[in-house]
2 protein chains.
Amino acid sequence: MTEPTTRERIVAQADRLFYEHGFENTSFATIADSLGISRGNFYYHFKTKDEILDAVIAARLHSRRQLLDQWDAAGGPAERIRSFIHLLQANQGKILQYGCPVGTLCTELARLDHGLREDANQLMTLFRTWLRRQFTLLGRKADADDLAMHVLAFSQGVAVLAQAYHDKQFVRREVARMDAWLDTVTHTST
Amino acid sequence: MTEPTTRERIVAQADRLFYEHGFENTSFATIADSLGISRGNFYYHFKTKDEILDAVIAARLHSRRQLLDQWDAAGGPAERIRSFIHLLQANQGKILQYGCPVGTLCTELARLDHGLREDANQLMTLFRTWLRRQFTLLGRKADADDLAMHVLAFSQGVAVLAQAYHDKQFVRREVARMDAWLDTVTHTST
DNA sequence: GTCTATACAGCGATAGAC
DNA sequence: GTCTATCGCTGTATAGAC
């Protein structure tokens, strides 16, 4: 295990802070102070704030791809989709506090009309494409993207309300409902 | 029809700008300039930015209550829930651009850890309570709140993805899916 | 690579003239 | 009730010493 570089430490910290407090609401000073490095040093590694955002999005893409690769390595498509649905419960603590890391970033950048908006959307699309593939493998080729978007909408909606109300029971109920829905999809031919 | 007061004009404009660009991203200068009034005059009507936010939330609560009152005046509970579901399509243009006015505000204030967070949540709760009442009237007393939350989660999830992808067809499909779901709820006894 | 010091713009907020 | 002028703070970003 090699020691992380300063650059890597900055990206990891920015990733966390952008998630917990938002991109706009996180300043250079906050990131630098929380790492114990100076603002000046900061600019040696990243010329602008957008460059950090870019690196954070790239890091998230990388980590999410690894997660999907893990799921791909084991189980069938139905089991994999279930892993995605259950992610809401696995990350429940964070989601109740900060919402979905993907959804909240897309929403914030859309609102700021930010240039890297489409890059953030790539994160959402990563899951969309992956889900679509799983539904295709299940024999739902014709409406695979429709079903993928439905699963995404479910997870985003639950995340928004879970954060607003801090309600674990609600998450549990909705995940169970989605599990039941997935059963009907799995056991139906097109 | 009486001429709107300066205060009313400020609230209306802030309401619009907070929705379109977010609370944090909207400055006094932006609001004042867009109304053609000076920053100084601004502070005669509102001492702090939070006071404006408070007024905007109150205004939204008022307008949404009026909408629900209209729905209550005509049709049965099933028809009313359908009106709520179809709101996503009625306001499609705005939602594709700016998301849900209720959800995005709750998400932003949660993230800012803002003092008026709970007041924004009241907006969500207004719809939650109203939906719960409709499901109770449908004879689903036991799980009325569960169903209400499910409908809310649906609308929030669709709004997030509709904004990210600017996809009208997706909204249409999800609304149709929700309509079908409502049929199964309506025609099932507890 | 890391630091201190600083420039400069924009923010929320205040004082006081009209 | 509306204006101009200005303060103090924080934000992003830069320059230059070590």
Side-chain angles (χ1 to χ4, degrees), chain A residues 2-59 105 108-109 111-117 119-120, chain B residues 2-59 105 108-109 111-117 119-120:
Chain A
T2 58
E3 199 79 343
T5 65
T6 300
R7 193 196 148 91
E8 287 166 347
R9 291 177 63 222
I10 291 176
V11 172
Q13 194 75 348
D15 190 354
R16 216 201 76 216
L17 291 169
F18 288 175
Y19 174 39
E20 296 179 359
H21 308 298
F23 168 70
E24 220 197 352
N25 197 34
T26 303
S27 68
F28 278 159
T30 311
I31 305 174
D33 289 354
S34 70
L35 285 171
I37 65 175
S38 70
R39 252 152 291 181
N41 185 6
F42 214 98
Y43 282 89
Y44 170 78
H45 298 282
F46 298 95
K47 271 100 192 83
T48 67
K49 198 182 178 184
D50 288 358
E51 273 189 29
I52 307 179
L53 178 58
D54 202 36
V56 166
I57 292 173
L105 186 65
E108 182 177 5
L109 295 190
R111 175 155 281 206
L112 294 176
D113 206 13
H114 196 285
L116 293 179
R117 218 198 124 165
D119 298 72
Chain B
T2 59
E3 200 78 347
T5 64
T6 300
R7 194 195 147 91
E8 287 167 345
R9 290 178 64 223
I10 291 175
V11 173
Q13 194 75 348
D15 190 355
R16 217 202 75 216
L17 291 170
F18 287 175
Y19 174 39
E20 296 179 0
H21 307 298
F23 169 68
E24 219 195 353
N25 198 34
T26 302
S27 68
F28 280 161
T30 311
I31 306 174
D33 289 354
S34 70
L35 285 171
I37 65 175
S38 71
R39 251 154 290 181
N41 185 8
F42 214 98
Y43 282 88
Y44 171 78
H45 299 282
F46 298 95
K47 268 100 193 86
T48 69
K49 199 182 178 185
D50 287 358
E51 273 188 30
I52 306 179
L53 178 57
D54 202 38
V56 165
I57 293 174
L105 186 65
E108 182 177 6
L109 295 190
R111 175 155 280 207
L112 293 177
D113 206 15
H114 196 286
L116 294 179
R117 217 198 126 162
D119 297 72

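In what follows, chains carry the letters A, B, and so on, assigned in the order in which the sequence lines appear, proteins first and then strands, with residues in each chain numbered from 1.
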>> At under 4.0 Å between heavy atoms, how does the protein contact nucleotides 1-14 of chain C? Give one character per nucleotide, 5' to 3', with B, S or -.
In response: BBBB------SSBB

> Just wondering, more than 12 heavy atoms not from A:Arg117 lying within 6.0 Å of its CZ?
Replying inline: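 Yes, CZ of A:Arg117 has more than 12 neighbouring heavy atoms, counting only those of other groups under 6.0 Å.
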
> Between B:His21 and A:Leu112, is a side-chain contact (heavy atoms from CB on, under 4.5 Å) present by the stated rule, with each step listed?
Replying inline: CA-CA 6 Å; B:His21 307 298; A:Leu112 294 176; over 6 Å; no

Euclidean distance, [Y] [atom2] relative to [X] [atom1], rounded to 0.5 Å:
| X | Y | atom1 | atom2 | answer |
| --- | --- | --- | --- | --- |
| A:Ile31 | A:Ile52 | CD1 | CD1 | 4.5 Å |
| B:Thr48 | B:Glu51 | OG1 | CD | 4.5 Å |
| B:Leu105 | B:Phe23 | CG | CZ | 9.0 Å |

>> Does the Lys NZ or Arg CZ of A:Lys49 fall within the cation-pi geometry relative to A:Phe42 - under 6.0 Å from the ring centre and within 45° of the axis?
In response: no

> Would A:Thr30 and A:Asn25 satisfy side-chain contact (heavy atoms from CB on, under 4.5 Å), going step by step from the backbone distance to the final call?
Replying inline: CA-CA 10 Å; A:Thr30 311; A:Asn25 197 34; over 6 Å; no

> What bend angle does the helix from C:dG1-D:dC18 to C:dC18-D:dG1 show across its length, from five-pair end axes and to the nearest 10 degrees?
Replying inline: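 Angle reported: 10°, given to the nearest ten degrees.
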
